[in-house]
J.: 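First the structure, which I've put down as structure tokens, then a few questions once you've had a look.
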Amino acid sequence: MKTSYNLTKILNLSAPEAAPRLLGWELVRSTPKGEIRLKIVETEAYHQADPASHSHRGATTRTAPMFEQGGRLYVYFIYGVHYCLNIVTGPKGSGEAVLIRAGEPIDGVELMRKNRSITDIHKLANGPAKLTQALGINDTKLSGEVLSELSISLKPPATKITRSDILVSSRIGIKRAVDELLRFSIKDNKYISGV
DNA sequence: TTCCCGATTGTA
DNA sequence: ACAATCGGGAAC
């Protein structure tokens, strides 16, 4: 029996509902230098009622994309050094997004190695800022963009991820709402973040 | 306009 | 354990 996937449906869910459902999807990044493909293996959800979320105090210039209709990208600059990539979810007006924390390299591995200046395939995208480095994202230009074949798009999972394949845990690197179980990863996957 | 600190990473 | 290094946003 064929499994059907409905991306639009997932992107219209709240971030906590969408985050586990995005595991296994393949993130495809098109660049002039070639195509990069990563299997999403770790995500975190951030929503408006969540004090740890950038959207918690309402929309600002930076966080405006989080309040758009699901299906856009939200890219932010952090620690004066790094960029992180989110997929915006939910209806227009609700400030929520799913942080893509780690990916398993599927295609464009040599390009990622070049972007990251390392060779170990397990460390190419096993962290939110490592993942953007691997994808060649060095600015916030993509923030607010709609998912598109021309930049970044999502393709259905090659193998189905079921509830029992998913590990739920607390989010990394935050100081508020630390007990919320909003981090999702594929159990036993070798490409999740080290922390 | 000043000031604090972060959804991280790589090195010491 | 800690520096790197910047801009968002709260506070003054």
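In what follows, chains are A, B, ... by sequence order, proteins preceding strands, each numbered from 1.
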J.: State which residues pass side-chain hydrogen bond (donor to acceptor under 3.5 Å, both in side chains) with A:Arg37; sequence neighbours excluded, sorted by chain then number.
T.: A:Glu26

J.: Check DNA chain C against residues 63-87 of chain A and give the residues with a non-hydrogen atom under 4.0 Å, in numerical order.
T.: A:Thr63, A:Phe77, A:Tyr79, A:Gly80, A:Val81

J.: Looking only at non-hydrogen atoms, find the nearest pair between A:Ile172 and A:Arg183 and report the distance.
T.: CD1-NH1, 3.5 Å

J.: Scan residues 131-186 of chain A for pairs that pass ring-ring contact (aromatic ring centres under 6.0 Å, His included), counting only residues two or more places apart or in two chains.
T.: none

J.: Which pairs, with at least one residue in residues 119-171 of chain A and sequence neighbours excluded, count as a ring-ring contact (aromatic ring centres under 6.0 Å, His included)?
T.: A:His122-A:Tyr191

J.: Pick base, sugar-phosphate or nothing for A:Ala52, based on heavy-atom distances below 4.0 Å to the nucleic acid.
T.: base

J.: Is there a side chain to side chain contact (heavy atoms under 4.5 Å, CB included) between A:Asp107 and A:Ile36 once you walk through the steps?
T.: CA-CA 5 Å; A:Asp107 210 349; A:Ile36 295 171; over 6 Å; no

J.: Do A:Arg171 and A:Tyr46 form a cation-pi contact, if we require the NZ or CZ to be under 6.0 Å from the six-membered ring centre and within 45 degrees of the ring's axis?
T.: yes

J.: The criterion is salt bridge (charged side-chain N to carboxylate O under 4.0 Å, His left out); which residues satisfy it with A:Lys141, sequence neighbours excluded?
T.: A:Asp139

J.: Among all residues two or more places apart in sequence or in another chain, which pass the side chain to side chain contact (heavy atoms under 4.5 Å, CB included) test with A:Leu7?
T.: A:Leu11, A:Leu22, A:Trp25, A:Leu154

J.: Quick one: how far along DNA chain B does chain A reach, first to last nucleotide 5' to 3', anything under 4.0 Å to a heavy atom?
T.: B:dG6 to B:dG10

J.: Sequence neighbours left out, what pairs pass ring-ring contact (aromatic ring centres under 6.0 Å, His included) with at least one residue falling in residues 147-170 of chain A?
T.: none

J.: Can you check the distance between C:dA10 and B:dA7, where both ends of the measurement are the P atom (answer in whole Å)?
T.: 13 Å

J.: I'd like to know if the side chain of A:Lys187 reaches the main chain of A:Ser164, judged simply by a donor and an acceptor atom lying under 3.5 Å from each other, with no hydrogens or angles considered.
T.: yes

J.: Given pairs defined as Watson-Crick or G-U wobble with both distances under 3.5 Å, what dot-bracket annotation applies to DNA chain C, with ( ) intrastrand, [ ] crossing, | other strand and . unpaired?
T.: ||||.||||||.

J.: Can you tell me if A:Asn6 has over 12 outside heavy atoms packed within less than 6.0 Å of its CG?
T.: yes

J.: Once side-chain hydrogen bond (donor to acceptor under 3.5 Å, both in side chains) is applied, do any residues pair with A:Glu68, and if so which ones, sequence neighbours excluded?
T.: A:Lys92

J.: Could you check whether any side-chain heavy atom of A:Glu42 comes within less than 4.5 Å of a side-chain heavy atom of A:Leu99, counting everything from C-beta outward?
T.: no

J.: Considering every strand and a 4.0 Å limit on heavy-atom distances, what is the contact class for A:Ser193: base, sugar-phosphate, or nothing?
T.: nothing

J.: Given A:His82 and A:Phe77, is the ring pair (Phe, Tyr, Trp, His ring centres under 6.0 Å) satisfied, shown in steps?
T.: CA-CA 6 Å; A:His82 301 300; A:Phe77 181 54; 8.5 Å; no

J.: Which of residues 91-125 of chain A have a heavy atom under 4.0 Å from DNA chain C?
T.: none

J.: Are the side chains of A:Leu38 and A:Leu135 in contact, using a 4.5 Å heavy-atom criterion?
T.: yes

J.: Between B:dC5 and C:dC2, how far apart are the C1' atoms? Round to whole Å, please.
T.: 15 Å

J.: Which is true for A:Arg171 with a 4.0 Å heavy-atom rule: it touches a base, it touches only sugar-phosphate, or it touches nothing?
T.: nothing

J.: On DNA chain C, reading 5' to 3', which nucleotide is the first and which the last to sit with an atom under 4.0 Å from a heavy atom of chain A, could you check?
T.: C:dA4 to C:dA10

